[in-house]
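All ligand and atom numbering here is 1-based and tracks the order in the structure. Positions are given from 1 along the sequence. All heavy atoms count here, side chains included; hydrogens, waters and symmetry mates do not. Bear in mind the structure is a predicted one, so any value in this text is a computation, not a measurement.
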Amino acid sequence: MKLAIFGGGQLGRMLALAALPLDVRCQFLDPVEAPCAAAAGRHIRGDYEDPAALEAFAQGADSATYEFENVPVAAVEHVARLIPAAPGAVSLACAQDRGHEKQLFEDLDIAVAPWAEVNDAGSLSQAAATVGLPAVLKTRRFGYDGKGQVVIRGADELDAAWDAVGAQPCVLEAFVPFQREVSMIGVRSREGEIRCYTLTENVHRDGILRRSTPVEGDALQPAAEAALSKVMRALDHVGVMAFEFFVAEGRLLANEIAPRVHNSGHWTIDGAVCSQFENHVRAVLDLPLGETALRQPCVMLNAIGSMPATAELAAIPGVRIHAYGKSARPGRKVGHVTVLGCSTSELRRRLAMLDALIDA
Ligand code: AMP
């Protein structure tokens with residue numbers, strides 16, 4: 001079988017690596033010259049808005065999917081007229097707009113921090129009065145890894161914050177003094193079957209994910225599964241979805257969804273029976289879903305900026321290396337490692353050995 005994937009970044013590369021043992025070949029549409037997924041499948045260089053490129057991309061494929069959420073909705077709709085596409089344009093359009101996303105959470109009775117729409121400098125001061133300060137101003141569209149957002153601590157910072165986000169439609173969200181951040185990753189089949197992974201605890205720095213740890217038996221697992229399932233059903237989502245939450249006063253507060261495989265689920269490659277990548281491939285190609293159970297305690301660490309030397313990582317027992325084949329650049333995700341242990345004490349010892357190599 002053949003799977004056509006919008007985007008040729010590391011998520012596409014890992015989808016293709018998971019697809020190959022199922023005898024599924026992947027082809028990627030990406031406008032850049034040498035995307036890192038090209039090492040794992042066929043790269044079609046073209047623009048997402050070029051109908052000829054979209055047609056070449058869909059040619060011979062059994063299904064289409066996307067690995068990042070800034071694909072133009074019209075491009076997915078175009079390809080969906082040629083071959084089955086999953087997740088659908090509805091999931092994509094919702095995740096592309098923080099306003100729609102938050103409205104959907106509220107409609108589904110999923111708790112969110114106080115928020116308000118902001119369309120101009122005037123509505124920002126109104127929103128600040130409603131939501132309260134400190135708060136976070138976030139662009140409705142095209143934000144990722146903490147980009148497109150500014151923390152506002154006092155009323156004297158409103159104008160500067162509006163300029164800093166580029167004076168565009170935003171949401172203002174109350175600053176959440178969270179105890180921790182967690183995500184729930186799950187997959188939904190075309191028939192509507194849902195399977196969820198172990199709740200994952202995430203640590204961010206400068207808005208970028210650094211470390212993810214699946215926490216077996218977390219008391220919030222059922223609530224997180226329920227919230228994710230509600231959203232997937234409401235959007236008739238097919239494939240993997242990630243739901244990020246803040247935990248404040250012991251309760252989940254919805255942050256955002258990603259209608260795709262997600263960085264906080266990379267541990268599933270080595271730590272779950274069937275990874276998020278394989279399950280996404282299975283779902284979009286209408287194959288039975290795989291087991292999502294955790295196999296072993298593990299922790300995923302992101303390599304940001306540059307990848308440590310392979311030989312040094314490989315010398316640490318229990319470390320699985322995932323380099324994305326990307327050149328070093330400050331703030332860039334260039335790889336990750338997952339460290340596994342038979343017990344939490346063994347895992348801790350191994351993590352301590354990684355301290356000198358990865359600043360996560
Ligand atoms: P986001 O792109 O919305 O996931 O934001 C990136 C990171 O910024 C989050 O994972 C949090 O660590 C932090 N952040 C975002 N929104 C808030 C908020 N309302 N309160 C506190 N921290 C936040």
For H204, the ligand 1 atoms with a heavy-atom partner under 4.0 Å come out as 10 (O)

N255 contact mode with ligand 1 (heavy-atom cut-off under 4.0 Å):
side chain

Enumerated ligand 1 atoms positioned under 4.0 Å from heavy atoms of R98:
1 (P), 2 (O), 3 (O)

Consider every N or O of Q149 and every N or O of ligand 1, then say whether any pair is closer than 3.5 Å.
yes

Could you tell me whether F175 and ligand 1 have an N or O pair separated by under 3.5 Å?
no

Could you check whether atom CG of D159 has more than 12 heavy atoms from other residues, nucleotides or ligands sitting under 6.0 Å from it?
no

Region of R205 engaging ligand 1 - heavy atom pairs below 4.0 Å
neither

Short version for V136: what comes under 4.0 Å of ligand 1, heavy atoms counted, is side chain

Any donor-acceptor pair under 3.5 Å linking the side chain of T200 with the backbone of V182?
no

So that I can tick it off, tell me whether E173 and R98 are bridged by a salt bridge, with the cut-off set at under 4.0 angstrom between side-chain N and carboxylate O.
no

salt_bridge(R153, E157) N-O dist < 4.0 Å
no

Contacting atoms of ligand 1, where contact means under 4.0 angstrom from a heavy atom of E173
16 (N), 17 (C), 18 (C), 19 (N)

Check this for me: does any side-chain nitrogen of one of E193 and R195 sit under 4.0 Å from a carboxylate oxygen of the other?
yes

Check ligand 1 against K138 and write out every atom of the ligand that is under 4.0 Å from a heavy-atom position of the residue.
3 (O), 15 (C), 16 (N)

H336 and Y324 aromatic ring geometry - parallel, tilted or perpendicular at 30°/60° bounds:
tilted

Taking both backbone and side-chain atoms of F178, is any N or O found less than 3.5 Å from an N or O belonging to ligand 1?
no

Parallel, tilted or perpendicular: which one describes the rings of F68 and Y48, with boundaries at 30° and 60°?
tilted

Using atom types as modelled and distance alone, determine if a side-chain donor or acceptor of N302 lies under 3.5 Å from a backbone N or O of L209.
yes

Test item, A174 contacting ligand 1 (heavy atom, 4.0 angstrom)
yes

